[in-house]
Amino acid sequence: MNSGQLLTMHSDVVIKKLLQLADKSYKSFLRASNTSYNAEIGTSRYWKAISSMEQSQFEFNDYMKQLKAMDEYTQWSEKLHQDRYKFVEKYDIVMEKYKYL
């Protein structure tokens with residue numbers, strides 16, 4: 001068994017982990033943006049929130065690129081009707097963003 005076959009067999013596990021990480025970074029972005037709106041401009045709290053927003057956005061974009069690469073390799077987005085991809089329904093916001101890549 002080679003690495004390609006192994007990746008194809010267990011693509012659902014990899015996709016689930018990538019979706020979890022993307023969802024976590026998206027929620028982190030939302031928390032940081034909420035903080036930046038409430039903080040006074042120029043304060044350390046404001047700049048820390050801005051930095052956190054940028055980092056979260058970078059991570060989210062990286063996870064989306066990884067999901068896209070997995071999709072090109074395994075065509076997982078065409079198999080969402082299968083039971084093993086049922087967990088995707090839980091990550092509706094991330095999947096909505098993924099559609100527009």
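Throughout, numbering of the chain's residues begins at 1 and tracks the sequence.
Connection of M95 to I93 is established within a shared hydrophobic cluster, with ILVMFWY side chains joined at heavy-atom distances below 4.5 Å, either directly or through further cluster members. Under a hydrophobic-cluster definition in which Ile, Leu, Val, Met, Phe, Trp and Tyr are linked whenever side-chain heavy atoms come within less than 4.5 Å, directly or via other members, M70 and M9 are assigned to different clusters. Under the 4.5 Å side-chain heavy-atom criterion for grouping Ile, Leu, Val, Met, Phe, Trp and Tyr, L30 is connected to Y63 within one hydrophobic cluster. Under the 4.5 Å side-chain contact rule for hydrophobic residues, L21 and L101 share a cluster. No continuous path of ILVMFWY side-chain contacts below 4.5 Å connects I41 to Y37, so the two sit in separate hydrophobic clusters.
Proximity of L6 to H10: side-chain heavy atoms (C-beta onward) are separated by under 4.5 Å at one or more points. No side-chain heavy atom of F29 sits less than 4.5 Å from a side-chain heavy atom of E59. M64 has its side chain within reach of V94: a pair of non-hydrogen atoms, C-beta onward, lies under 4.5 Å apart.
For the 3.5 Å distance criterion, the side chains of D62 and Q66 qualify, holding a donor opposite an acceptor. S51 and Y46 are not linked by any side-chain donor-acceptor pair at a separation below 3.5 angstrom, with hydrogens and angles left out of the test.
The main-chain N or O of D71 is never found under 3.5 Å from a side-chain atom of T74 such that the two would form a donor-acceptor pair. T35 places a side-chain N or O within donor-acceptor distance of the main-chain N or O of R31, the cut-off being under 3.5 Å. Judged by distance alone, the side chain of T8 and the main-chain N or O of G4 form a donor-acceptor pair under 3.5 Å. For the pair S36 (side chain) and S33 (backbone), a donor-acceptor distance under 3.5 Å is present. Checking side-chain atoms of S25 against main-chain N and O of A22 turns up a donor-acceptor pair under 3.5 Å.
The number of heavy atoms from other shown groups lying within 6.0 Å of CG (D92) is above 12. The local environment of NZ in K79 is crowded, with over 12 non-hydrogen atoms from other residues, nucleotides or ligands closer than 6.0 Å. In Q5, the CD atom is crowded: over 12 heavy atoms of neighbouring residues, nucleotides or ligands sit closer than 6.0 Å.
Between F87 and Y85, the ring-plane angle classifies as tilted under the 30° and 60° cut-offs.
Nearest heavy atoms, S56 versus S28: OG-OG, 3.0 Å.
One finds the OG atom of S11 at 9.5 Å from the CD atom of Q75 (value rounded to the nearest 0.5 Å). For the atom pair CG (N34) and CE (M53), the distance works out to 10.5 Å, reported to the nearest 0.5 Å. The distance from atom CD of E78 to atom CG of L80, rounded to the nearest 0.5 Å, is 9.0 Å. Atom-to-atom distance recorded for I15:CD1 and Y91:OH is 12.0 Å, nearest 0.5 angstrom.
Ion pairing of K27 with D23 is present here, as a side-chain N (NZ or NE/NH1/NH2) and a carboxylate O approach within less than 4.0 Å.
Checked against the 6.0 Å centroid threshold, Y98 and W76 count as a close aromatic pair.
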